[in-house]
There are 2 protein chains.
Amino acid sequence: MALTRSAIVATAMAILDAFGLADLSMRRIAGALGAAPAALYWHFANKQSLLAGVAAELIADLDGPATITPDALSEWCHELRDRLLAHRDGAELVSSVLAMRLLEPTPADLLAGSLIRAGFPTAEAGPAARLVVHFILGHTLDRQGYAQSLQLGVAGPAGPDPDEDFTYGVRLLVAGLSANGTG
Amino acid sequence: MALTRSAIVATAMAILDAFGLADLSMRRIAGALGAAPAALYWHFANKQSLLAGVAAELIADLDGPATITPDALSEWCHELRDRLLAHRDGAELVSSVLAMRLLEPTPADLLAGSLIRAGFPTAEAGPAARLVVHFILGHTLDRQGYAQSLQLGVAGPAGPDPDEDFTYGVRLLVAGLSANGTG
DNA sequence: ACCTGAACACCGTTCAAGT
DNA sequence: ACCTGAACACCGTTCAAGT
């Protein structure tokens with residue numbers, strides 16, 4: 001079969017799930033496709049572009065919350081976290097691609113749009129959305145990073161339950177946004 | 001001069017500042033010290049341990065906030081962010097070492113301790129502190145990651161002003177904590 | 001247009017051997 | 001105790017050459 005961008009991205013995603021971001025090399029992707037490493041460079045300018053394609057698929061057809069009730073906001077946060085958790089090192093991949101500004105619309109853009117449509121002060125919707133998303137990324141990065149270091153055998157002792165942390169954080173953020181949106 | 005752990009860490013820090021985390025290799029650290037790469041492995045078990053030493057120095061003698069007024073909390077957040085910004089890729093380095101649980105006390109531990117001493121509900125101090133720290137790390141990671149990708153020449157268009165985002169985020173978090181601490 | 005082969009300039013880590 | 005030399009098994013990327 002011919003080498004296509006989407007076949008390459010799908011193969012990369014499979015390697016990510018099976019072996020993690022550290023083992024997601026151009027050589028390994030090419031090997032899994034039965035191609036020479038250099039072949040990938042006809043389809044992607046560099047490794048970052050390829051990773052951007054994987055990250056885009058990871059959060060494909062994510063929408064902003066439909067309504068801005070506390071429950072809907074909280075559910076959206078959990079959905080974003082679950083998408084990141086669904087793939088090994090998902091948070092690290094997505095946050096690095098977001099940092100490069102290679103992924104649009106960003107999850108924060110989607111959330112900000114929903115906030116504005118619900119009457120949230122326009123100037124504050126962006127910063128508020130990025131606050132929420134940075135917490136979700138920071139939290140999930142930590143959680144997946146610990147799992148990664150366990151497998152490498154370099155991890156220190158385990159910390160507190162991440163699910164409790166996440167639920168608490170989302171509740172406090174949602175309460176803060178509600179106070180702001182109505183105030 | 002003899003190779004010591006602290007001389008190695010200091011050299012690594014200098015390379016980090018000058019060239020960034022991607023160029024902070026064992027071979028380059030050894031080269032800067034006039035030693036063979038393998039020499040580092042007598043002093044550190046692996047690269048992660050060496051990086052943990054650099055991260056520890058980066059946040060050395062950081063204290064929790066002395067009082068838990070909104071101003072003191074906000075100032076502490078800015079201080080942590082400034083420490084991360086003071087070294088190239090500081091947030092990426094610190095968050096990866098934190099994820100491995102190789103750094104104690106963590107910034108979140110320090111903040112949680114201050115919160116508890118000020119009468120914050122004990123069970124919530126940890127989650128609250130980690131919410132704050134994950135936002136700070138997520139935010140700073142994004143900011144320094146964009147700077148990094150600019151230098152690599154793979155960056156997309158710039159986003160909004162990060163200082164405004166940070167100030168907004170800290171204000172909302174501090175308001176949320178105050179509501180919780182007194183409620 | 002699409003891909004290979006070979007090369008360039010790197011990595012982290014191990015381990016026998018030296019002093 | 002502390003370090004070197006050499007090796008092992010890798011990287012991302014480029015580029016002439018093939019089809």
Side-chain angles (χ1 to χ4, degrees), chain A residues 1-13 15-16 18-55 89 92-93 96-97 99-100 102 145 148-155, chain B residues 1-13 15-16 18-55 89 92-93 96-97 99-100 102 145 148-155:
Chain A
M1 62 186 153
L3 228 46
T4 61
R5 283 176 68 98
S6 70
I8 293 168
V9 166
T11 301
M13 186 80 93
I15 293 172
L16 179 70
F19 305 102
L21 194 56
D23 287 335
L24 186 56
S25 68
M26 298 298 272
R27 299 175 110 99
R28 201 195 258 252
I29 297 165
L33 287 159
L40 302 178
Y41 289 86
W42 198 88
H43 300 275
F44 293 93
N46 47 47
K47 189 180 182 182
Q48 308 309 326
S49 311
L50 201 165
L51 293 182
V54 179
D89 301 326
E92 188 179 351
L93 172 65
S96 82
V97 172
M100 296 176 195
L102 253 30
Q148 192 183 323
S149 65
L150 275 178
Q151 251 142 7
L152 281 171
V154 299
Chain B
M1 62 187 153
L3 229 45
T4 61
R5 283 176 68 99
S6 69
I8 292 169
V9 166
T11 299
M13 186 80 93
I15 292 172
L16 179 70
F19 305 101
L21 195 56
D23 287 336
L24 186 55
S25 68
M26 297 299 270
R27 300 175 110 100
R28 200 195 258 251
I29 298 165
L33 288 159
L40 301 177
Y41 289 85
W42 198 88
H43 299 276
F44 293 93
N46 48 46
K47 189 181 183 182
Q48 309 307 327
S49 311
L50 201 165
L51 292 183
V54 179
D89 302 326
E92 188 179 350
L93 172 65
S96 82
V97 172
M100 297 176 197
L102 254 30
Q148 192 183 321
S149 66
L150 275 177
Q151 251 143 8
L152 282 170
V154 297

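Each chain gets a letter, A, B and so on, in the order its sequence line appears, and its residues count up from 1.
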What integer distance in Å separates [X]:[atom1] from [N]:[atom2]?
X	N	atom1	atom2	result
A:Asp23	D:dC11	CG	P	8 Å
B:Arg28	C:dC11	CZ	P	7 Å
B:Arg27	D:dA9	CZ	C1'	11 Å
A:Leu51	D:dT13	CG	C1'	15 Å
B:Met26	D:dC3	CE	C1'	14 Å
A:Leu33	C:dT4	CG	P	10 Å

Which heavy atom of [X] sits nearest a heavy atom of [Y], and at what distance?
X	Y	result
A:Leu93	A:Val54	CD2-CG1, 3.6 Å
A:Thr11	A:Ala32	CG2-CB, 3.7 Å
A:Ala55	A:Val97	CB-CG2, 3.8 Å
B:Ser25	B:Lys47	CA-NZ, 4.2 Å

### Message
Could you tell me if the side chain of B:Leu24 sits less than 4.5 Å from the side chain of B:Leu51, heavy atoms only?
### Response
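Answer yes - side chains close enough.
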### Query
Near DNA chain C, under 4.0 Å by heavy atom, which residues of residues 37-48 of chain A?
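DNA chain C contact set from residues 37-48 of chain A: A:Ala38, A:Ala39, A:Trp42, A:His43.
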#### Entry: Main-chain N/O of B:His43 paired to B:Arg5 side chain as donor or acceptor, under 3.5 Å
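Such a contact is found between B:Arg5 side chain and B:His43 backbone.
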### Query
Taking any strand in view, what nucleotide pairs with D:dC3 in a Watson-Crick or G-U wobble way, both distances under 3.5 Å?
none
### Message
Partner lookup for D:dC8, please. Criteria are Watson-Crick or G-U wobble with both distances under 3.5 angstrom; report none if nothing qualifies.
### Response
C:dG12
### Task
Using the C1' atoms only, state how far C:dC3 lies from D:dA16, rounded to an integer number of Å.
13 Å
### Message
When the C1' atoms of C:dA9 and D:dC10 are compared, how many Å lie between them, rounded to an integer?
### Response
13 Å
#### Entry: 5' precedence on DNA chain C between B:Leu24 and A:Thr4 (nearest-nucleotide basis)
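Counting from the 5' end, the first nearest nucleotide belongs to A:Thr4.
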### Task
Apply side chain to side chain contact (heavy atoms under 4.5 Å, CB included) to A:Met26 and A:Leu50, showing your working.
CA-CA 9 Å; A:Met26 298 298 272; A:Leu50 201 165; 3.8 Å; yes
